[in-house]
Amino acid sequence: AYGFRQAVRNHVNFTKDIDGIDKVGKNIGVAAPRDQPFTADDYAWFEEIAVDVSHLTPRFLNIGGRFRELELIEVRAKERGWRTMTILDYPAHSRYILPFVEKVRINVLEVQTKAPTIPIFSSFSLKPLSDPEEISREFILSITQTLHWDAAVVKLVQDHGVTRFVNIGPCRSLTAMMKDIPVVVETVEADALLSSNF
């Protein structure tokens, strides 16, 4: 009972400190047509309008920003044939979430983190993580800065010999994204693995 009450108290404190986070901006996915990946000019334009771009694949980006700049992306998307979709109702992986993260930094860092028994590889710093303090720091940084999923996958394959990726999420996004990253790997859905074990 004590643990439950403490968890509720922590949740209330955390959400109170980030009240208004959904009024700043949001996080969107932007997908280019299959034969027209994003160009250097596109990336320069994203930088010019001050949005933060996480690279998921050469033709799929996760962009965090304020509403007014994201509206500019919606206009450009119609011109370029890009598809857009809301991923989160707040600007994750961007500078615009930093004031809210600063408010809860101490709470997050107080969460007990242990050394992982399964290796963790960061799509933020592109390196393996094993130190609990480093994992906590990277978690904070990854909320406020961009990620490099495609580069992390390439590094895992080329430098660490990883050849099999398992999608454990509720959607099949990993499998779809892997087709656009220039690596030769096997992708498996977790539910397929679970059903084959029964």
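- No donor-acceptor distance shorter than 3.5 angstrom exists from the side chain of R164 to the backbone of E186, with no hydrogens or angles considered.
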Quick one: do I181 and M178 satisfy side-chain contact (heavy atoms from CB on, under 4.5 Å)? Show the steps, please.
CA-CA 5 Å; I181 300 174; M178 293 298 278; 4.3 Å; yes
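- Atom CD of Q145 and atom CG of L98 lie 8.5 Å apart (nearest 0.5 Å).
- Taking all atoms of both residues into account, the shortest heavy-atom contact from Y96 to P91 is CB-CG, 4.0 Å.
- A 6.0 Å sphere centred on CD of E102 holds more than 12 heavy atoms belonging to other residues, nucleotides or ligands.
- Linking ILVMFWY residues whenever their side-chain heavy atoms come closer than 4.5 Å, directly or via other members, leaves I73 and L88 in distinct clusters.
- Between V101 and I140 the shortest side-chain heavy-atom distance falls below 4.5 Å.
- Between P128 and H160 the shortest side-chain heavy-atom distance falls below 4.5 Å.
- Atom CZ of F139 has 12 or fewer heavy atoms from other residues, nucleotides or ligands within 6.0 Å.
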Between R76 and F46, is the side-chain contact (heavy atoms from CB on, under 4.5 Å) condition met? List the steps.
CA-CA 11 Å; R76 192 176 181 102; F46 290 134; 5.5 Å; no
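- F124 and L129 fall into different hydrophobic clusters, where Ile, Leu, Val, Met, Phe, Trp and Tyr side chains are chained together by heavy-atom contacts under 4.5 Å.
- In terms of hydrophobic clustering, with Ile, Leu, Val, Met, Phe, Trp and Tyr side chains grouped at heavy-atom distances under 4.5 Å, L56 and L156 are assigned to a common cluster.
- Residues W82 and I49 share a single hydrophobic cluster, defined by chaining ILVMFWY side chains whose heavy atoms lie under 4.5 Å apart.
- In this structure, L147 CG and L126 CG are separated by 9.5 Å, a value rounded to the nearest 0.5 Å.
- The cluster map of Ile, Leu, Val, Met, Phe, Trp and Tyr, joined by side-chain heavy atoms under 4.5 Å apart, puts L72 and V51 in the same cluster.
- Listed for the N62 side chain is no donor-acceptor partner under 3.5 Å among the backbone atoms of S54.
- Put simply, the side chain of F121 does not reach to within 4.5 Å of the side chain of V162, judged on heavy atoms.
- A pairwise comparison of heavy atoms in S130 and P116 identifies O-CD, 3.4 Å as the closest pair.
- Side chain of D22 to backbone of D89: no donor-acceptor contact under 3.5 angstrom is found.
- Atoms NZ and CD, on K127 and E134 in that order, are 4.0 Å from each other to the nearest 0.5 Å.
- Contact detail for N167 and S173: the closest heavy-atom pair is ND2-N, 4.0 Å.
- Between the S123 side chain and the W149 main chain, no donor and acceptor come within less than 3.5 Å of each other.
- Remark: D150 pairs with no residue by the salt bridge (charged side-chain N to carboxylate O under 4.0 Å, His left out) rule, at least two apart or across chains.
- No donor-acceptor pair closer than 3.5 Å links the side chain of S125 to the backbone N or O of S122.
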Kindly indicate, with the supporting measurements, whether the criterion side-chain contact (heavy atoms from CB on, under 4.5 Å) is fulfilled by V53 and F38.
CA-CA 12 Å; V53 178; F38 295 99; over 6 Å; no
Please assess L61 against Y43 for the test side-chain contact (heavy atoms from CB on, under 4.5 Å), listing each intermediate value before the final yes or no.
CA-CA 10 Å; L61 307 175; Y43 292 119; 3.7 Å; yes
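- Going from atom OG1 of T187 over to atom CG of L174 covers 6.5 Å, rounded to the nearest 0.5 Å.
- Rounding to the nearest 0.5 Å places CD1 of I28 at 5.5 Å from CD of E74.
- Within the model, atoms CZ of R59 and CG of D42 stand 14.0 Å from one another, a figure rounded to the nearest 0.5 Å.
- Results of the side-chain contact (heavy atoms from CB on, under 4.5 Å) test with I63 over L70, D52, I87 single out L70 as the only residue that passes.
- Residues P132 and A115 approach most closely at CG-N, 3.4 Å, considering heavy atoms.
- Of all heavy-atom pairs between I97 and A92, the closest is CD1-CA, 4.1 Å.
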